[in-house]
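To keep things clear, I will list the structure first and then write my remarks on it.
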Amino acid sequence: MLKKILIANRGEIAVRVMRACRELDIPCVAVYSEADRDALFVRYADEAYCIGPARASESYLNIEKIIKTALEKGADAIHPGYGFLAENSEFAAATKAAGVRLIGPSSRVMALMGDKVAARNVMAKAGVPVVPGTDCCITDPDQALKTASKIGYPVIIKPSGGGGGIGMTVVPDEKGLTDALKDTQKIAANTFGVDDVYIEKYLPNPRHIEFQILADSHGNAIHLGERECSVQRRHQKLIEESPSPVVTQVQREKMGNLVVGAIRSVGYECAGTVEFLYSEGEFYFLEINARIQVEHPVTEMVTGVDIVKEQIRIASGLPLSVSQEEIQMHGNAIECRINAEDPLNDFEPTPGKLTGYHSPGGTGIRVDSGVYSGFTVPPYYDPMISKLIVWGKDRKEAMDRMRRALYEYVIAGVRTNIPFHKAVMKNSRFIRGEIGTHFIEEETGLIEDIKDLLAQEQTLGDKLSLKSGKKARVAAIAASVVASQFNKHQGTESR
Ligand code: ADP
């Protein structure tokens with residue numbers, strides 16, 4: 001087993017990885033930026049080192065500094081989490097050269113999967129259905145026009161090295177194609193360093209369904225079923241669930257076996273996700289994410305497999321602790337991403353001080369959080385505060401439980417998207433499982449529902465007097481005065 005793990009990430013995922021380390025009795029090292037000095041993951045770690053200023057390029061993306069810290073502090077492995085360096089093949093190569101184990105696939109496989117055109121070709125060769133489109137990068141307008149008319153409009157132009165939904169352009173007909181090609185190439189060059197783009201058929205309102213896979217260095221490869229991630233805003237997932245309300249056991253087995261065969265064919269070792277669009281009963285491969293994903297807990301809740309621990313086992317050279325035959329999905333799990341953002345102001349980020357914090361509990365609840373009461377959500381990074389995950393014996397119980405958990409969740413001091421999640425959990429289409437990637441745009445009534453909720457509902461925060469930041473601060477001062485007087489009388493020291 002690995003001896004000491006450095007976590008090259010921040011926020012909730014850093015805490016998540018450290019939790020696995022603690023259970024495995026492996027010491028963990030945090031590296032943090034000056035903006036995260038007071039963060040939960042810094043306090044949670046066994047050791048923590050500041051590696052630079054808030055700017056990610058000088059801290060969380062600083063390959064040299066991170067590897068140097070790992071070597072100096074005796075960490076034999078680095079867990080990259082998601083985002084930042086998680087799918088950076090240069091980082092994977094540099095860690096290997098330094099003699100440190102990266103908890104992720106090799107730099108070769110990472111580079112292959114990071115090139116979406118190459119990944120499409122690998123999948124197609126292994127018999128996995130892909131979205132109709134190009135098998136090479138598109139460089140000039142003539143080639144683009146020819147390809148698009150062959151595929152049929154509408155088409156979508158995408159950066160080959162892309163991620164986060166950045167730069168994708170939908171082109172309804174021939175007219176806008178040449179300009180859209182130029183624009184996407186420019187965004188690709190500026191954001192991802194290369195202007196490689198490719199063209200796919202644009203599916204009108206598909207579902208996003210993905211398969212979780214695990215593969216070790218002993219030739220074992222398994223899948224843990226699927227996750228449905230169709231509730232998205234600007235191509236960013238907001239609510240995920242497992243299993244998908246539409247996937248049958250026969251489809252699950254068929255697609256699961258296909259993806260396992262495909263990842264075996266490229267010598268993949270680690271956890272990963274094979275993403276698909278799903279339309280009219282058919283799956284179309286989209287991309288592979290060679291890392292742990294934000295939404296991995298829903299799979300953990302229904303399968304009982306700790307994916308991060310499996311990642312650590314694989315990186316330690318151990319075989320997977322479970323076989324395909326042992327994997328069974330029980331019940332339903334739903335995850336809501338709790339973000340510091342205002343759903344009534346176009347989901348603008350709302351960083352700031354959490355003046356009060358009370359997280360839900362009880363049967364079937366899991367909260368993966370990177371914050372605590374009094375913590376200030378910094379403005380420099382992703383505004384995710386936590387992930388609220390629930391399990392129920394069926395989808396109805398999971399939704400009922402999510403409604404109850406959202407009622408219990410109190411975050412004071414900043415606006416969050418909790419009211420948005422409450423509105424979705426009451427939405428009749430969501431309840432029926434009739435979702436697609438345009439669900440939020442189509443359900444225009446959600447904003448009014450949120451306003452109604454905010455106007456009518458007496459929240460637990462109100463009852464605990466944690467709603468307004470000012471009230472919370474006054475209450476906190478009053479409480480500390482009472483505590484210090486109490487302690488004086490008791491002759492104890494207040495800490
Ligand atoms: P990224 O890696 O940038 O996140 P993806 O290829 O994973 O990009 O796509 C993200 C989202 O964009 C998908 O979940 C889907 O909502 C939408 N999308 C991507 N490709 C298509 C397509 N061909 N047709 C329709 N929607 C698409």
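Counting starts at 1 for both ligands and their atoms, in listed order.
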Quick one: look up the protein heavy atom nearest [atom] and list residue, atom name and how far away it is.
atom	result
atom 17 (C) of ligand 1	His235 ND1, 3.5 Å
atom 26 (N) of ligand 1	Tyr202 CE1, 3.7 Å
atom 21 (C) of ligand 1	Leu277 CD1, 3.4 Å
atom 7 (O) of ligand 1	Glu287 OE2, 2.7 Å

Out of Arg207, Lys116, Arg227, Lys237, which residue meets the salt bridge (charged side-chain N to carboxylate O under 4.0 Å, His left out) rule with Glu275?
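Of Arg207, Lys116, Arg227, Lys237, salt bridge (charged side-chain N to carboxylate O under 4.0 Å, His left out) with Glu275 is met by Lys237 alone.
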For [X], look at atom [atom1] and say whether over 12 heavy atoms of other residues, nucleotides or ligands are found less than 6.0 Å away.
X	atom1	result
Arg234	CZ	no
Lys182	NZ	no
Glu64	CD	no

Just verifying a value: how many Å separate Cys21 SG and Ile7 CD1, rounded to the nearest 0.5 Å?
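Going from SG on Cys21 over to CD1 on Ile7, the span is 4.5 Å.
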N or O contact, Leu203 vs ligand 1, cut-off under 3.5 Å
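Indeed, backbone or side chain, Leu203 has an N or O that close.
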Does any N or O atom in Gln232 lie less than 3.5 angstrom from one in ligand 1, N or O only?
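Right, the criterion is met.
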Walk me through whether Met18 and Val15 qualify under side-chain contact (heavy atoms from CB on, under 4.5 Å).
CA-CA 5 Å; Met18 289 174 194; Val15 177; 5.6 Å; no
With no hydrogens and no angle check, do the side chains of Asn205 and Glu442 hold a donor and an acceptor under 3.5 Å apart?
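A donor-acceptor contact under 3.5 Å links the two side chains.
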Hydrogens and angles aside, do Tyr278 and Ser244 bring a side-chain donor and acceptor to less than 3.5 Å of each other?
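Distance-only check fails for Tyr278 and Ser244.
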Among [options], which one has a heavy atom closest to [atom]?
atom	options	answer
atom 3 (O) of ligand 1	Cys229, Gly165, Gly114	Gly165
atom 13 (C) of ligand 1	Val131, Leu286, Val170	Leu286
atom 20 (N) of ligand 1	Lys158, His438, Glu275, Met168	Lys158

Are Lys116 and ligand 1 in contact, using a heavy-atom cut-off of under 4.0 Å?
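True for this residue.
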Go through ligand 1 atom by atom and flag the ones less than 4.0 Å from a non-hydrogen atom of Gly163.
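Those of ligand 1 that fall under 4.0 Å from Gly163 are 1 (P), 2 (O), 3 (O).
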